Amino acid sequence: MANTYTQIHIQAIWAVQNRDCLIGKEWKEELYKYITGIIQNKGHKMLQINGVEDHVHMFFGMRPKGALSDLMKIVKQESTNWINEKGVLRAKFSWQEGFGGFSYAKSQVPQ
């Protein structure tokens, strides 16, 4: 959209199915890079991504190109496929349904 300026900062959090501790230390950085690629390929800007064995947090600048729920569906579907295709787990991997999404003012970004 021409002449459009936005400052939309979003933190999204989502969990492994049943909050199982399945995200391995050996491959989590590669997973985060993959998710970052998804976000960037959709035109958004990853600011920070991290997590623990049972969930992921990402903080990103969102462009006004659709709904957060649609973006999260893509992130979760594509990262699930990546995990399962990599074969890093013995069982089939899936994310828990839903996510948390929170917006932040520009003044809150450094925190």
Side-chain angles (χ1 to χ4, degrees):
M1 287 180 261
N3 302 317
T4 299
Y5 178 76
T6 62
Q7 289 183 347
I8 305 169
H9 300 95
I10 303 290
Q11 179 183 20
I13 306 162
W14 67 100
V16 174
Q17 184 67 39
N18 301 317
R19 295 296 295 238
D20 291 334
C21 295
L22 298 179
I23 300 173
K25 292 177 184 175
E26 316 79 42
W27 52 272
K28 76 175 184 175
E29 293 302 321
E30 196 174 354
L31 171 65
Y32 298 161
K33 288 178 185 177
Y34 188 81
I35 292 170
T36 297
I38 296 168
I39 293 297
Q40 292 173 338
N41 287 337
K42 296 297 179 187
H44 309 290
K45 182 178 181 181
M46 183 68 78
L47 300 172
Q48 185 75 37
I49 185 167
N50 210 336
V52 293
E53 296 86 2
D54 70 345
H55 70 275
V56 174
H57 292 249
M58 73 175 175
F59 186 57
F60 66 103
M62 186 171 179
R63 303 282 182 233
K65 293 184 172 187
L68 176 59
S69 58
D70 293 338
L71 178 62
M72 289 306 301
K73 181 178 179 180
I74 291 167
V75 167
K76 290 169 70 176
Q77 283 178 339
E78 291 187 12
S79 62
T80 295
N81 293 341
W82 181 85
I83 292 167
N84 287 323
E85 289 172 7
K86 288 289 270 183
V88 294
L89 299 172
R90 290 187 181 122
K92 185 177 178 185
F93 180 87
S94 63
W95 296 110
Q96 190 165 295
E97 190 175 326
F99 67 93
F102 307 91
S103 62
Y104 291 84
K106 183 179 179 181
S107 62
Q108 296 171 303
V109 170
Q111 299 171 1

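Because only heavy atoms are used, hydrogens play no part in the values below, and waters and symmetry mates are left out as well, while side chains stay in. What you see is a predicted model; the values in this text were computed from it and never measured. For this chain, numbers begin at 1 and follow the sequence in order.
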Hydrophobic cluster membership, with links at side-chain heavy-atom distances under 4.5 Å among I/L/V/M/F/W/Y: are Tyr34 and Phe60 in one? yes
Taking all atoms of both residues into account, what is the closest heavy-atom pair of Tyr32 and Asn50, and its distance? OH-C, 3.5 Å
Answer yes if Trp82 and Ile74 sit in the same cluster of Ile, Leu, Val, Met, Phe, Trp and Tyr residues linked by side chain heavy atoms under 4.5 Å apart, and no otherwise. yes
Without placing hydrogens or testing angles, list every side-chain donor-acceptor pair under 3.5 Å for residues 7-14, not counting sequence neighbours.
unit_1 : atom_1 : unit_2 : atom_2 : d
Gln7   : NE2    : Tyr5   : OH     : 2.5
Gln11  : OE1    : Tyr104 : OH     : 2.7
Gln11  : NE2    : His57  : ND1    : 3.0

Please list all pairs passing the salt bridge (charged side-chain N to carboxylate O under 4.0 Å, His left out) test where one or both residues lie in residues 96-111, with sequence neighbours left out. none
When rounded to the nearest 0.5 Å, the distance separating CD1 of Ile38 from CE of Met72 is 9.5 Å
Once side-chain hydrogen bond (donor to acceptor under 3.5 Å, both in side chains) is applied, do any residues pair with Ser79, and if so which ones, sequence neighbours excluded? Trp95
Between CG of Leu71 and CG of Leu68, what distance do you get to the nearest 0.5 Å? 6.5 Å
When rounded to the nearest 0.5 angstrom, what distance separates CE in Met46 from CD1 in Ile35? 7.0 Å
Distance check, rounded to the nearest 0.5 Å: Met62 atom CE versus His44 atom NE2? 5.0 Å
Please enumerate all residues that pass side chain to side chain contact (heavy atoms under 4.5 Å, CB included) together with Ala91, with sequence neighbours excluded. none
For residues 16-29, which side-chain donor-acceptor pairs fall under 3.5 Å, sequence neighbours excluded?
unit_1 : atom_1 : unit_2 : atom_2 : d
Arg19  : NE     : Asp54  : OD2    : 3.1
Arg19  : NH2    : Asp54  : OD2    : 3.3
Arg19  : NH2    : His55  : ND1    : 3.4

Quick check on the hydrophobic clustering: are Leu47 and Val75 connected, directly or via other members, by side-chain heavy-atom contacts under 4.5 Å? no
Applying salt bridge (charged side-chain N to carboxylate O under 4.0 Å, His left out) as the test, list every pair that has at least one member in residues 76-92; sequence neighbours left out. Glu30-Lys86
How far does CD of Gln40 sit from NZ of Lys42, to the nearest 0.5 angstrom? 13.0 Å
If the condition is side-chain hydrogen bond (donor to acceptor under 3.5 Å, both in side chains), which residues does Lys45 pass it with, not counting sequence neighbours? none
